[in-house]
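What follows is a short report on a single structure.
Below, chain A is the first sequence line, B the second, and so on; all start at residue 1. From a predicted model like this one, the values you see are computed outputs, not experimental measurements.
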Amino acid sequence: MNAYTTQLEQLKSWFFALAEKQSFFLPKKMEGVNYRFERLHCVNEQDLDLLSYRPTILPPGKHLFPDGEILFTYHKDEQGHYHFSQGSTIEPQIIAGVRSCDLKGIYLMDRVFSDGIKDTHYLQRREKTDIIAFNCLTPCDDHCFCETAQSLDFQTGADIFISPLLEKDCFLLEVQSSRGDELIKTLVSDKCVNATELKQQAMDSRPKPFGRQFVTPVEQLSEIIHHEDAEYVYQQYAKRCFSCGTCNLVCPTCYCFETKDEFELENSLDQAKGKKTRHWDACLNPGFAEVAGGHNFRPEAAARQRHRVRRKFDYLPQRFEQTFCTGCGRCGRQCTTGIDIFDIVNDVCLSVEQEQESEQ
Amino acid sequence: MKPKIAFFDFASCEGCQLALLNCEDIFLDLLELVDLVEFREAISEKSAHYDIAFIEGSIHREEDSKRLVDIRSRSQYLVALGACACNGNVQARSNFIAPAENYQLVYGEEARNRVQIDKNYWPLWAHTRVRSVEEIVKVDFHLRGCPMSANEFLILVKALLSNQTPHFPENAVCVECKRNANECVFDKGMSCLGPIAYGGCDAICVNNGHVCDACRGLLPYANVDAHNELMLSKGISEEAIKSRYRLFCSAEKMSQD
Ligand code: SF4
Ligand code: SF4
Ligand code: SF4
Ligand code: SF4
Ligand code: SF4
């Protein structure tokens, strides 16, 4: 693996150079306190805020799985035969400034979408996407809990992994793939011989512990969340939940979708032309688990809340041997009523402890 | 025979019908497929039976209510079109004010006094409350919003004309707001009714820098208590919160007290 050091100014010029050639997405500060991955257009248009930005409203992985994506279009010819064609065209893109938590999110989605029947729409986009990731030296805000969720320092899947160094405005770039080698050609930089050492020094400067920590080690969570109904805990959170689905829609590991069929009117109702699209769905919405005939598997908000927690800490970890919460903190940060999956998990663990104590 | 579609006005600004006329491309396509009757904005003609009757406007007087019952009895599907028909809209705020007082607010002291002695002044106000269409007759579908969404209109008509059941998810505005990657207005120091309001509008107000005032009505599962708490925690007064809930949804049972 090759490593290089460079200065902030060089890094910026490099980004702009890359952005001239293809779609290049970078977090951009919005009106309030949040960031959003937006296309970088020209110099001075966007402040590079790589050191301080907190996770974006939507995770970068959504660029691989866009809402409303056209899966296919169809038309019927004069003989009555149907013809299908691929929907949205897939262009190459670079996503830069991806934090470790979100890198892990993308890694988990790579696993999910290639498990069993492959999701070619996702995988084609993934294949055409280069990722430039960015290391964190301080917790991004008080919502994150990436260390305890084991995603801090996650580097897999990035073509280039950038770490800020102790020396001001100085960065280390680790090239992790042949595509990374291609990308870095245009960067003005020095080959780095003591990369491990420099990186270690920077990481040693991190606060300890790094952000919030679960009361129980993450390895044991699956077991507890699986066995514990914790009805009371989930009820408490459900009381103030709006069932609005925000926590799902902003999560890097929520991938549920619904599909819609639409035909064009064109002066007739014979549905000779149309398309199928898919749209992000959310298991916290009451209609999510409703099936034909009107039965709803999870009509109560508490049951839906429990389902979400179990998806992240029990069901998917059982299948993929990884916790499916990256600790990015988005759900807690963006829930208008302040429900945070970190608190729910801790409360479930604490309720078990209390039970055990009272039994003794 | 082409299906017969009819539009009827009650207390409304007729903006929903205009919203439809504005999407000429959809509208002209549609005219090929249906017979349009009683569309005051476009043509006028009468018909005994309707396949789809669209009701625009809220219901105020007894005679309106009777007319509505008559339309219902002659229609296969009845659709409430727009916020006035679905949830009363702004005019239903008068439900919380005594009629004479209302009269004064709009026409002044003199008019209010005259109303006490001249009974010809009364008829327009001789209703006890502004009602949504559903309070009087069975509604098969709601096309919510002020004005209604042309997109939803098209979904509905296409489905009904091809014997399918149109599906409108009962989701909060937040769902579409997040699909649009909007920054939540609560993070910009503003407040929003999105978490308790019917979506389907693509969160158009937030997309364009405003807040959601729930013109599409409150969700059947709206957690109003939690929302009230949230608003209070942002320093908004109880009075202001109540007024906000009532802005569009006053004819809803939910926000009566
Ligand atoms: S959650 Fe952790 S990895 Fe993600 S941005 Fe915050 S500090 Fe970085
Ligand atoms: S974001 Fe908050 S209020 Fe909305 S569904 Fe999730 S937990 Fe409930
Ligand atoms: S559950 Fe919440 S903290 Fe965990 S990955 Fe999803 S959005 Fe991030
Ligand atoms: S819903 Fe709005 S646009 Fe439609 S008729 Fe009522 S006031 Fe007019
Ligand atoms: S701006 Fe309103 S609709 Fe959008 S997420 Fe926030 S509360 Fe929901």
- prompt: Taking the inter-plane angle between the rings of B:Y77 and B:F141 on a 0 to 90° scale, is it parallel (under 30°), tilted (30 to 60°) or perpendicular (over 60°)?
  reply: tilted
- line: Bottom line for B:Q164: the part with an atom under 4.5 Å from chain A's heavy atoms is side chain
B:K178 vs A:Q334 side-chain heavy atoms within contact, under 4.5 Å: yes
- request: Count the heavy-atom pairs under 4.5 Å between each of A:L58, A:N248, A:N285, A:T337 and chain B, then report the option with the highest count.
  value: A:N285
task: Under 4.5 Å heavy-atom distance to chain A, tell me which part of B:A172 shows up: side chain, backbone, both or neither.
output: side chain
query: When only pairs under 4.5 Å are counted, which of B:V157, B:L33, B:V173, B:L230 shares the most heavy-atom pairs with chain A?
result: B:L33
message: For B:C184, is there any backbone N or O sitting under 3.5 Å from a side-chain donor or acceptor partner on B:N182?
response: no
- prompt: chain B heavy atoms under 4.5 Å from A:K62: which part of the residue, side chain, backbone, both or neither?
  reply: neither
query: Is it the side chain or the backbone of B:L154 that comes within 4.5 Å of chain A heavy atoms, both, or neither?
result: side chain
Atom group of A:Y35 that falls short of 4.5 Å from chain B, counting heavy atoms: neither
- request: Heavy-atom distances under 4.5 Å only: say whether A:E31 touches chain B with side chain, backbone, both or neither.
  value: both
message: Between A:D347 and A:Y237, is the side-chain hydrogen bond (donor to acceptor under 3.5 Å, both in side chains) condition met? List the steps.
response: CA-CA 10 Å; A:D347 283 356; A:Y237 286 97; 2.7 Å; yes
Largest heavy-atom contact set with chain B, pairs under 4.5 Å, which of A:D281, A:L249, A:N34, A:D270: A:N34
query: Does a side-chain N-to-carboxylate-O contact under 4.0 Å join A:D141 and A:R333?
result: yes
query: Do A:D77 side-chain atoms and A:Y82 backbone N/O form a donor-acceptor pair below 3.5 Å?
result: no
- prompt: Which bit of A:L265 is near chain B, if near means a heavy-atom gap under 4.5 Å: side chain, backbone, both or neither?
  reply: both
field: Heavy-atom check, side chain of B:D29 versus side chain of A:E264, under 4.5 Å
entry: no
field: Atom group of B:D187 that falls short of 4.5 Å from chain A, counting heavy atoms
entry: both
task: Go through the atoms of A:D67 and report whether side chain, backbone, both or neither lie under 4.5 Å from a heavy atom of chain B.
output: side chain
query: Using non-hydrogen atoms only, which part of A:V250 is less than 4.5 Å away from chain B: side chain, backbone, both, or neither?
result: side chain
task: Pick one of side chain, backbone, both or neither for B:N180, based on which atoms fall under 4.5 Å of a heavy atom in chain A.
output: backbone
- prompt: Among A:K312, A:R330, A:R311, whose side chain to side chain contact (heavy atoms under 4.5 Å, CB included) with A:C254 holds?
  reply: A:K312
Structural part of B:L161 lying under 4.5 Å from a heavy atom of chain A: both
- prompt: Would you call the rings of A:F342 and A:F145 parallel, tilted or perpendicular if under 30° counts as parallel and over 60° as perpendicular?
  reply: tilted
field: Which portion of A:E258 sits near chain B, non-hydrogen atoms under 4.5 angstrom
entry: side chain
message: I need the full list of ring pair (Phe, Tyr, Trp, His ring centres under 6.0 Å) pairs touching residues 222-241 of chain B, with sequence neighbours left out, sorted by first then second residue.
response: A:F242-B:H227, B:H227-B:Y245
query: Relative to chain A, which segment of B:P195 carries a heavy atom at a distance below 4.5 Å: side chain, backbone, both, or neither?
result: both
task: Answer yes if the ring centres of A:F37 and A:F25 are under 6.0 angstrom apart, and no otherwise.
output: no
- prompt: Picking from B:K188, B:K158, B:E229, which has the most non-hydrogen pairs under 4.5 angstrom with chain A?
  reply: B:K158
